[in-house]
Structures are given as C-alpha cells and as structure tokens.
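Structure, as structure tokens:
Order of listing sets the numbers, starting from 1, for every ligand and every atom in it. Keep in mind that what you see is a predicted model, and the values were worked out from it rather than measured.
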Amino acid sequence: MDPVTDSLNEVHRRLSGLRDGQVADYIPQLATADPDDFGIALVSMAGHTYRAGRTDTPFTVQSVSKPFVYALALSDLGPAEVLRRVGAEPSGNPFNAISLERDTGRPANPMINAGAIATTALVRADGPAERFRRILACLSAFAGRPLDVDEDVYASEAATGDRNRALAYLMHSAGSLRADPEETADTYFRQCSVRVTVVDLAVMAATLANGGRNPVTGVQAVAEPDAVRVLAVMATCGMYDGAGEWLLDVGLPAKSGVSGGLIAASPARFGIAVHSPPLDGSGNPVRAVAALGEMSERFGLHIMHGPGLRATTVTGAERFERDGRAIGVVTAQGILEFTEFEALVHAVGEVTPSAPGWMVVDLTAVTGVLPGPAAGLAAVLDDLADRGHRAAVAAQETFIEAGEGRPRTWEMFRTREEALSWCTRA
Ligand code: GLN
C-alpha cells in the first residue's frame with residue numbers, strides 16, 4: 001500500500017460511520033441509491049490514481065456535470081458572450097431556486113439549475129441530438145473514457161422535472177433562454193443522467209486542476225484559460241448555498257451533485273472525488289464535505305494558504321555501493337506538502353536497493369512537514385523496514401514520528417554524513 005492510499009483509507013475509515021444526511025428522493029430513481037456507498041478517488045498531476053472504499057459503483061453525474069458543460073460553452077462562445085448570457089455570482093440560493101436577474105432574466109449562477117439549463121442551451125449544435133452528443137463527448141474527454149446515460153434515471157427525471165421545465169419557460173419568457181424550453185430541459189436531464197464512477201470524477205477534476213489537460217490520457221479537454229474560469233466559478237458558486245462557508249473552511253474549487261458525487265480540484269496538485277449519497281440541508285454529500293475538510297487541513301490545501309514559491313523539492317535521488325553495501329539516498333528541501341511529498345515517495349521507490357540494503361532520507365534542508373506527509377513518510381519508512389531494509393532520516397528537527405503505539409523503524413541523525421557513515425557501520 002502506498003502512503004497516499006493510506007491517508008485516503010484513514011479518512012474513509014474515520015468517516016464511514018457518519019450517518020447524517022438523507023438520500024435525495026425528489027427524482028424517484030435516485031432514492032434507490034445505497035446510503036452506505038462511500039468511495040474516494042484521487043488523481044495526481046502525474047496521472048496516478050489512488051482509491052479508498054467503494055470506487056466501482058456507477059451513479060449519475062447530476063450537477064457535477066455543470067462545470068464541464070460550462071467549459072464547453074466557454075470554448076464555443078468565448079468568456080465575454082457566456083458571461084453576457086449567464087452570470088457568475090454565488091447567488092446564495094438552493095440548487096433549484098428561481099434565481100434570475102430582475103430586468104433581464106439572466107440567471108445569476110451557472111452552478112445551480114437555472115444557470116446550468118441556460119448554459120446547456122449555449123452549446124453550439126444544429127439540434128438537440130447533436131447538442132447532447134457534444135456534451136457527452138466533452139464529459140467523456142474529461143473522464144478519459146466513453147461515458148453513457150443511465151436511461152432509468154433519465155426517464156425518472158424527465159417524468160418529474162416540472163420545476164426545471166418551469167425554470168426554462170421562465171427564462172424563455174424573459175428572453176434569457178433563446179432555445180426551445182422543452183428541448184433544453186430534456187438535454188439538461190440527459191446531461192444530469194450521464195453515468196460515472198468516483199474514479200471518473202476524480203480524473204475529470206484532475207483535468208481541471210491540470211489546466212484542462214487530462215493527466216491520464218494526455219488529451220487537452222479544454223483550453224487552459226477556460227479551465228481557469230471554470231475553477232474560479234466552482235470556487236465561488238460550486239456548493240449551492242453552502243459555497244461561502246466551503247471556501248472559508250476547505251478552500252478548494254468544488255462541485256457537488258444530488259446523487260452524492262463531489263469533486264474538488266487542488267490546482268497543479270490533484271483532482272479528488274467522493275461519492276456518498278446522503279446529503280445535508282444544502283444538498284451537499286455529508287461524508288464528502290467532511291472528507292474534504294480533513295484532507296484540506298492535513299495537506300494544507302486551502303488555495304489562500306501561501307506556501308511561498310515552489311522550488312523543486314527532491315534535489316537528489318541516487319543509489320550507490322559503499323563498502324560493499326547498497327545505499328539509496330533521497331535529498332529534499334523546503335516544505336513538504338502534498339505534491340512535494342508525492343515526489344519524495346516516488347523518488348524513494350526509485351532508489352530503494354533491490355535486495356535488502358540501506359536507505360537515507362536526507363531532510364536536512366527541509367523546513368517543515370505537514371501532518372499528512374509526516375504520517376505518510378512514517379508509513380514509507382515502516383514499509384522499508386518490513387521489506388528488510390534499514391533506513392535513516394537526517395533532519396534538523398524531529399519531523400517524522402512513529403505512529404501511535406508503534407516502535408520507530410528508522411534511525412535519526414542530525415547530518416547526512418552521520419547517516420551515511422551509519423550505513424557502512426550498522
Ligand atoms: N438533475 C438534478 C436537478 O436538476 C441536478 C440537481 C443537483 O444535482 N443538485 O434537479
């Protein structure tokens with residue numbers, strides 16, 4: 001097991017007992033969801049996927065489709081025209097509110113239904129079939145695989161979607177929806193019924209975090225400036241009437257949906273997704289909100305949190321023989337947050353001797369280690385010991401401590417030289 005998966009598993013384990021929230025039932029077919037389904041997936045900029053819990057359950061994307069269709073409208077029409085037709089204000093309204101500007105009928109917020117329905121109509125196409133085909137292709141490019149529609153959920157939503165149809169008619173009468181309201185609502189219902197897994201959502205979020213380029217397939221799903229605008233709108237509007245508090249506490253661009261999906265993007269670091277159907281009073285999935293809160297704190301992910309200029313963290317990774325002993329050495333500098341930690345773990349993997357040998361992690365130029373990375377590094381060192389290696393950490397401070405109730409499996413030195421000379425003596 002790798003340390004990123006370990007920390008996801010730990011968050012998963014701590015939160016799976018959380019029983020708050022209600023599974024949505026206003027779309028009858030959604031009420032059949034299993035409230036115990038709970039999966040977390042994370043995709044890094046290097047394209048690695050990490051998972052915890054149930055990550056294979058298919059579910060419908062629902063409102064998590066909104067940022068991606070917004071991205072498609074941006075690339076079709078450009079930012080100025082999209083903004084003229086749909087606002088970018090966190091309206092403070094629930095997802096199904098009648099949230100239209102007084103004089104123009106322009107929907108205020110593209111991440112709740114009214115604005116999202118208007119956005120769907122902006123996607124360029126000759127007719128509704130082609131419009132939906134383009135939306136599905138866009139969602140699939142973000143996910144990196146061909147997605148399909150859950151016809152049962154679509155039928156259920158189409159049969160009970162009068163409020164969304166009403167929103168479309170209201171905008172049409174105000175002149176802010178220039179397409180046929182029935183057709184537009186129908187395309188929107190299909191878009192919400194696209195089937196995904198939590199891993200698909202994590203890849204989609206990672207694509208936004210990676211400037212629009214899917215880190216798994218390498219495909220540019222949307223231009224970089226459009227990805228930036230989508231992330232900005234997610235940051236301010238992504239969590240319905242819980243958006244302000246979310247930005248305060250968690251500090252990541254995010255989007256939730258009524259089937260229990262939630263994505264968050266840590267720009268230039270990773271995309272993460274959680275699936276857990278029970279929702280809180282704002283319509284956000286309870287366990288997902290709690291999981292992201294914990295992750296943000298442990299890994300210092302808040303976008304306003306200033307880690308300073310990011311220099312290269314891993315400054316050396318080598319393996320050599322000394323006095324007949326195979327020794328691996330990884331050298332790091334600066335503050336170990338998520339991305340730096342991931343790079344360090346991979347470097348350790350690369351230079352670990354093939355047969356049991358010695359490993360030095362030189363942190364003498366490291367000035368800080370966040371709690372998540374510290375726990376992760378302890379796990380990496382334990383794993384080296386389990387595989388018969390002997391490890392030493394050189395550091396100015398005790399950044400890494402043994403897990404609770406466990407013996408420390410590595411030696412500690414103040415300098416690299418002391419650690420290296422231990423390798424040839426011990
Ligand atoms: N299809 C749902 C609706 O329009 C999407 C809402 C949501 O996920 N919050 O009602």
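A salt bridge is defined here as a Lys NZ or Arg NE, NH1 or NH2 lying under 4.0 Å from an Asp or Glu carboxylate O, and R298 with E294 fails to meet this definition. Taking the charged nitrogens against the carboxylate oxygens, D152 and R195 have no contact shorter than 4.0 Å, which rules out a salt bridge. We find that E10 and R14 are joined by a salt bridge, their nearest charged nitrogen and carboxylate oxygen being less than 4.0 Å apart. Taking 4.0 Å as the cut-off between side-chain N and carboxylate O, E340 and R269 do not count as a salt-bridged pair.
Checked by distance only, ligand 1 and S256 stay at 3.5 Å or farther apart across all their nitrogen or oxygen atoms.
Ligand 1 is never approached by F189 to a heavy-atom distance shorter than 4.0 Å. In this structure, N164 has a heavy atom closer than 4.0 Å to ligand 1.
Both the sub-6.0 Å distance and the 45° axial angle are not jointly satisfied by K66 relative to the ring of F95. The side-chain tip of R287 points at the ring of F38 from less than 6.0 angstrom away and within 45° of straight on.
Here E157 has side-chain heavy atoms under 4.0 Å from ligand 1, and that is the only part of it that gets that close. Looking at C192 against ligand 1, only its side chain comes within 4.0 Å, counting heavy atoms. Of the heavy atoms in V258, both backbone and side-chain atoms come closer than 4.0 Å to ligand 1.
Near N113, with a cut-off below 4.0 Å to any heavy atom, the atoms of ligand 1 are 3 (C), 4 (O), 6 (C), 10 (O).
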